[in-house]
Engineer: 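Pasting in a structure now, in structure tokens, and then I'll have a few things to ask.
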Amino acid sequence: MTGEVVIEARGVSTRFGRQVVHDRLDLTIHRGDLVALIGGSGTGKSVLLREIIGLHRPDEGTTFLLGTDMWGADERTLAATRRRFGMMFQDGALFSSLDVAANVATPIDEHLDLPPDLLRPLVGLRLSLSGLPPDAGAKLPSQLSGGMRKRAAIARAIALEPEVLFLDEPTSGLDPITARAFDELLTFLNRDLGITVVVVTHDLDTLFGIARRIVVLGNGKVVADGSLAEVTANDDPWIQSYFSSRMTRPAHGT
Amino acid sequence: MTAPDPACRLQADGPESTLRLDGSWRLPDAVRCGQALDSVREGLSRVTAIDGAGLSAIDTGGALLAWIRLRTAGVNPATVALRGFDDNHGRIVELVRSRLDQAVGAPPLRPWRVLARLGKASADLGATLLGHLGFFGRVAVNALDLLRRPRSLRRRELFAQFGQTGVNAIPVVVLVTFLIGVVFAYLLGLQAEQYGANIFVVDGVALGMTREFSPLIVATIVAGRSGAAFTAQLGTMKLTEEIDAIRTLGLSPDQVLVMPRVLALMIVLPLLVFVGDVAGLGGAMVIAAAMLDVTPHTFVDRLHAALWPGHYLIGLGKAPFFALAIAIIGCRMGMSVSRDTRSIGINTTSTVVQSIVVVIVLDALFAVLFQRIGW
């Protein structure tokens, strides 16, 4: 798929002490894509996500998000860009002192000027789009189950109708049924709302089920990049062992 | 990005009208969308169709606003026909229509209800106090158990707590009580000097410091230091399921975690109070020599004559009770942390406040008690 470039990492190098995580890594993602980012532990998937959204400065190179140089632009441009993407952190990172509705309302209150009769239904719509029942809005994050908490985190991430949505391991710790419902939710957000989705995941079912493009990180670089068929055809040993458990099963993910 | 302004107009067709949406209907334009809809408010109730041919962009926010205004005007959204939308726009408008009931059905953002909060706070306070009482009972039972089987005492943990709550607290205890001694002697000296009764400063400082100030101040420091630490330590262990692990391994968290802390604090606090006594008198001695012409030699002589042993024994004797209260509150608040990180902060704050209040209340009770029995 080609189209407008929304995410670009250019020559990104990252080091923690003597450990090299990224070594002049390049990555480009186009609008409307649904990309899964995979790789072994310590290959810097989450770090790359944090570098793209401007939370962690790469040691070399830079990242562009929606046309903004996240490490060179001035604070005003950055603030404008931050309104145009959403991020779901691994454990939700909901504000524990606010109920779910207030969590979702926080970015809306902060960034938008709304007609007074729109705020409440808008929060309700966000809850509904992320698959939460209306009465979940009045609950505190500590009163929610793990799956509900992740849904609430998505509701907050899409509050401002972002153009790009990042998710860090959205299905980790969920039962398979809830995890599949989550995959459907991501497909829905991507297809029906036209949101570009970038998801870090270890969930093979997510890869087989919904990812249109898979990017594999390893040795500080992008090892493989393409559709499921293209990536599984790659003879990199890590990729082979990663997929081997599922490849032996017939009629799956083809 | 320059988007065309949102606009809308009504096309009347007999009794029915079509709502034409033009330009960009997106969340950042919501206020102008609202104004555009306001300008056609009178006619909204007759709308039977929406025409989206003139839209340059629409998102769920813009679509939601249009549906809500129509609904408010009395139109049933399900009966409205959609015309002229391109595929993407039509899908979004249709999607929002299907979620409209759920969106509007969301409960209101929570109002601030003073009376309800007051009631809940009172009930919570009652439950907390009852809980402390229950926890005290648990500690007592464990203590009896410990008397019967002294070997079950976790000595390693006990000694670790001696270090953390006792030895490490000495510098701050010395500093604070020394300064209090200085200030106290100085204030007394200002008064005593007017009557040429400088030497009586020793009597006043000795009584006040050993019987009241040192126990109270040291207990306050320990409540802030060790009480808070107990809550934070046990609370974190609760959160990371370490306490559940202890229980699963067939051990009792009370024996492994709580009893060593309670015992350590009850032993350590009187010792710290003694350190505080000495430091406080030391501070007084320095100021007496510097400003009141009372030499250290005279100071110590007068101390022997004026300080009735009962005073400092009472001061030291109160300390274990303070320690028991602080340790019980600290441990219990730690064990009752719920599973979100926020509650560690809340409980730690609460521990410090509760233990300081309880220490002062206990001290007042002791004062009344000793006055009644004439000590």
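Just so you know, these numbers use all the heavy atoms, side chains as well, and skip hydrogens, waters and symmetry mates.
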Engineer: Are more than 12 heavy atoms, taken from residues, nucleotides or ligands other than B:D87, located less than 6.0 Å from that residue's CG atom?
Structural biologist: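 No, CG of B:D87 has 12 or fewer neighbouring heavy atoms, counting only those of other groups under 6.0 Å.
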
Engineer: Heavy-atom pairs under 4.5 Å with chain B are the metric here; pick the option from A:D117, A:L193, A:L122 that has the most.
Structural biologist: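 Counting heavy-atom pairs under 4.5 Å, the top option is A:D117.
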
Engineer: Between B:R342 and A:S142, is any side-chain donor less than 3.5 angstrom from a side-chain acceptor?
Structural biologist: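 The answer is no; no qualifying pair exists.
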
Engineer: How about B:P28 and A:H111: do any of their side-chain heavy atoms sit closer than 4.5 Å?
Structural biologist: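 SC-SC contact between B:P28 and A:H111 ruled out.
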
Engineer: Identify which part of A:A80 has an atom lying under 4.5 Å from any heavy atom of chain B, answering side chain, backbone, both or neither.
Structural biologist: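 Contact with chain B involves no heavy atom of A:A80 at all.
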
Engineer: Does CD1 in A:I177 sit with more than 12 non-hydrogen atoms of other residues, nucleotides or ligands closer than 6.0 Å?
Structural biologist: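 Counting neighbours around CD1 of A:I177, 12 or fewer heavy atoms of other residues, nucleotides or ligands fall under 6.0 Å, so no.
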
Engineer: Determine the minimum heavy-atom distance between B:R91 and A:R191, stating which atoms define it.
Structural biologist: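 Scanning both residues, the minimum pair turns out to be NH2-O, 3.1 Å.
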
Engineer: Considering only heavy atoms, which portion of A:R149 lies under 4.5 Å from any heavy atom of chain B: side chain, backbone, both, or neither?
Structural biologist: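 Only the side chain of A:R149 comes within 4.5 Å of chain B.
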
Engineer: Atom CG in A:D113, atom CG in B:D29: separation rounded to 0.5 Å?
Structural biologist: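 Interatomic distance, A:D113 CG to B:D29 CG, rounded to 0.5 Å: 11.5 Å.
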
Engineer: Count the heavy atoms of every other residue, nucleotide or ligand shown that sit under 6.0 Å from CZ of B:R41, and state whether that count exceeds 12.
Structural biologist: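 Open: at most 12 neighbouring heavy atoms sit under 6.0 Å from CZ of B:R41.
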
Engineer: If you take all heavy atoms of B:G34 and A:P115, which pair is closest and at what distance?
Structural biologist: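 Answer, listing the atom of B:G34 first, then A:P115: CA-CG, 4.3 Å.
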
Engineer: For residues B:L27 and A:A159, report the shortest heavy-atom separation together with the two atoms involved.
Structural biologist: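 Reported closest heavy-atom pair: CD1-O, 3.8 Å.
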
Engineer: Please determine, among A:L114, A:L129, A:I108, A:L132, the option with the most heavy-atom pairs under 4.5 Å with chain B.
Structural biologist: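 With the most close heavy-atom pairs to chain B, the winner is A:L129.
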
Engineer: Between atom CG of B:L64 and atom CD of A:E161, what is the distance when rounded to the nearest 0.5 Å?
Structural biologist: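 Rounded to the nearest 0.5 Å, the CG-CD separation comes to 10.0 Å.
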
Engineer: More than 12 heavy atoms of other residues, nucleotides or ligands under 6.0 Å from CG of B:L130: yes or no?
Structural biologist: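 Yes - once you tally the heavy atoms of other residues, nucleotides and ligands closer than 6.0 Å, there are more than 12.
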
Engineer: Is it true that a side-chain atom of B:Q102 and a backbone atom of A:P134 form a donor plus acceptor pair closer than 3.5 Å?
Structural biologist: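 Checking the backbone N and O of A:P134 against the side chain of B:Q102, no donor-acceptor pair under 3.5 Å is found.
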
Engineer: Would you give the length of the straight line joining atom OG of A:S128 to atom CG of B:L95, rounded to the nearest 0.5 angstrom?
Structural biologist: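 Here the rounded value is 8.0 Å.
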
Engineer: Non-hydrogen atoms of chain A under 4.5 Å away: do they reach the side chain of B:I68, the backbone, both or neither?
Structural biologist: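 For B:I68, the side chain is the part near chain A, not the backbone.
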
Engineer: Give a yes or no answer on whether the side chain of B:R99 reaches the backbone of A:L127 with a donor-acceptor pair at less than 3.5 Å.
Structural biologist: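 No; zero donor-acceptor contacts below 3.5 Å.
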
Engineer: Do B:I92 and A:D192 have side chains that get closer than 4.5 Å, going by heavy atoms?
Structural biologist: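 The answer is no, as the side chains (C-beta and beyond) never meet within the 4.5 Å cut-off.
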
Engineer: Which bit of A:F95 comes within less than 4.5 Å of chain B, counting heavy atoms only: side chain, backbone, both or neither?
Structural biologist: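 Neither part.
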
Engineer: Looking at side-chain heavy atoms only, is the closest gap between B:T60 and A:R126 below 4.5 Å?
Structural biologist: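 Touching, per the 4.5 Å side-chain cut-off.
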
Engineer: Identify the two heavy atoms, one from B:A103 and one from A:P121, that lie closest to each other, and give their separation to 0.1 Å.
Structural biologist: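 Nearest pair, atom of B:A103 first, then A:P121: CB-O, 3.4 Å.
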
Engineer: Which distance, rounded to the nearest 0.5 Å, do you find between the CZ of B:R26 and the CG of A:L160?
Structural biologist: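 So the gap between those two atoms works out to 11.5 Å.
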
